[in-house]
Asks: 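One structure is given below, represented as C-alpha cells, and several questions about it will come after.
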Number of protein chains: 2
Amino acid sequence: METKEISQAVIGRLPRYFRYLGELKDEGIERISSQELSDIMKVTASQIRQDFNNFGGFGQQGYGYKVEYLYEEIGKILGMNQTHNLIIIGAGNLGQALANYMNFERRGFLFKGMFDNNPALFGKKIRDMEVKPMEELHDFVKENNIDIAVLTIPKTSAVAVAEQLVKDGIKGIWNFAHVDLNVPKEIQVENVHLSDSLMKLTYNIIRYEEENSISQ
Amino acid sequence: METKEISQAVIGRLPRYFRYLGELKDEGIERISSQELSDIMKVTASQIRQDFNNFGGFGQQGYGYKVEYLYEEIGKILGMNQTHNLIIIGAGNLGQALANYMNFERRGFLFKGMFDNNPALFGKKIRDMEVKPMEELHDFVKENNIDIAVLTIPKTSAVAVAEQLVKDGIKGIWNFAHVDLNVPKEIQVENVHLSDSLMKLTYNIIRYEEENSISQ
DNA sequence: AAAGGAATGTCAATTCATTGACATTATTTT
DNA sequence: AAAATAATGTCAATGAATTGACATTCCTTT
C-alpha cells in the first residue's frame, strides 16, 4: 500500500468539512454536489474535490456526494470512530473549562483524569473526576493507556512535563502552554497558543483601520 | 504610501517571533543574527529575513538584529503598543477561564465587561467585573468604545450576536463558538475552533500509527 | 435501452510560499 | 585608516497549494 503524504493544509480543512456535513446530515439533506458545498462553505468547488481526492474520492460522477457517507468517511479519517484516552494536566481555570466545555465523549474522547500540583485542588471533583497530584501522573499514564495529554499548565513546567510524558508513552499532546515543546517527531503536538491568535486579530484590526485612514 | 498586502502566512508567524524575542530580551541578550534565531526557532534563516523584510527590514548588515528594537517593532506591528477595549460574551467555564487566564492587561487588552443570559450569573464577580445581562450588551458596546468581543457562547446564538455586534460598531471578534460567523469583511474575525484542533491531533496520531504498522 | 445531462476525478496552469544564493553594506579587527 | 569579516536585504529558483478546465463516468429521463 502506497503511503502518500497528505499536507497539513488539507488536514486542517477536514474538521470544517466534517462540521458542515454533520449539520447537513442533521438537516436531513442526503446528497450534495461540490458546487453546492462550495456555495455554503465559501471555498472553491475545485478545492473540495481536490481535497477529497487525497483519500481516493468519495463521490459518484453525475450524482455528487452522499452526505452521510461522506460524513462518516471524513470522521474515520479524523479518528472520530475510535476512542482516545485523554487526561488534562493543569486543573486551573482553563483546564477545568476544557473538561467541562468539550463534549468529549460524543467524539470518542474518554476523559480519564486530571492532575495538578496545587494541594488545594486535590480531590476536587470536575466532571466526576477527582483532581490528582502530579506525583501520580506518570504511573497513571503508563498504567491506563493514555493517548492524549492536554497541557494547561504554565510554560515554566510544560517542557519538562512533556518530556516525561513522552517517556511514559503518550502519543499526542494538546498544548495550551505558551511555549514550544521539544519532543521527538513521532509524538504529535497540536498547539493552541491563544495569545498568538489574539495578536493576529489585533494585527488585522489595525491593518484595516490603516488602510481606511490612508484612503480618506 | 504604498499598501502592499502582507500574507496571513507571515502574520501568523509574527507572534512566535515576538515571543522568542521577548524571551531573549528577558535573558539580557542584546543582539542576534537570523542564523542564530533560525537555530533556536527551527525555521530557516531565509524565512526570517524574508518575513522581516515585509516590513522594511529591522537589521543592520554585518551586525544582525538588535533584540530589543526588533521586539518593539514587531510588537508595534501586532498592535501591542496600543490598548484594546475588550468584552467577553458568555460567562461559562471558558469565558471565565479566558477572563482569568490571560494576562490581558500586560498586552494592552482592557477587560471592560462580561455578559451572559443566565440570571444565575448576573452580578457574579469575575476579575472584579460583574457579569451583566445580555440585554445590556449592545448599548454597552456602543457607549464604551469596545474594539474586541470574545464569543464564548453556544453556536446557536453566536451568529445572531455577532451580527448585532457589527451594528454596534465592534471591530474584531475572537470567536470560540463552533460556527462560522457571517460578518462583513471589514470586521476581523479570528476563530479558535478547539475541536477542530483536537481532530487534527487525532488525525496525526492515527496517521503515525498506521505508517508504523505498515513498516513492521 | 439509449440518449442526454450532471458532476466527479484528474490533469494542467497559475498563484503563492519557501528556500537558496549572493551582492551589498555595515562592523570589527589589525 | 584600510582590509577582512559578517550578516543583512533582495533577487531568482524551487516547491507547494490553489484554481481552472475538461474528459470520463454515472445517473436520470424518455
Asks: Base, sugar-phosphate, or nothing for A/Y65, non-hydrogen atoms under 4.0 angstrom?
Replies: sugar-phosphate
Asks: If you find the nucleotide of DNA chain C closest to B/G62 and the one closest to A/S33, which residue's nucleotide is nearer the 5' end?
Replies: A/S33
Asks: Which comes earlier along DNA chain D counting from the 5' end, the contact point of A/S7 or that of A/R49, where each point is its nearest nucleotide?
Replies: A/S7
Asks: If only side-chain N and O atoms of B/R31 are considered, is one of them under 4.0 Å from the OP1 or OP2 phosphate oxygen of D/dT8?
Replies: no
Asks: Return no unless some side-chain N or O of B/R13 is found under 4.0 Å from OP1 or OP2 of C/dT18.
Replies: yes
Asks: Count the heavy atoms belonging to other residues, nucleotides or ligands that lie under 6.0 Å from NZ of A/K25, then report whether that count exceeds 12.
Replies: yes
Asks: Map A/V43 and A/Y63 onto DNA chain D by nearest heavy atom, then report which one ends up closer to the 5' terminus.
Replies: A/V43
Asks: Think A/Q47 has a side-chain N or O under 4.0 angstrom from the OP1 or OP2 of D/dT18?
Replies: yes
Asks: Using a cut-off of less than 4.0 Å, is there contact between a side-chain N or O of B/T44 and OP1 or OP2 of C/dT18?
Replies: no
Asks: Answer yes or no: is there an ion pair linking B/R207 with B/E211, defined by an N-O contact shorter than 4.0 Å?
Replies: yes
Asks: Counting distance only, does the side-chain N/O of B/S38 pair as donor-acceptor with the main-chain N or O of B/V43 below 3.5 Å?
Replies: yes
Asks: Whether the side chain of B/Q60 and the base of C/dT27 hold a donor-acceptor pair under 3.5 Å is what I'd like checked.
Replies: no
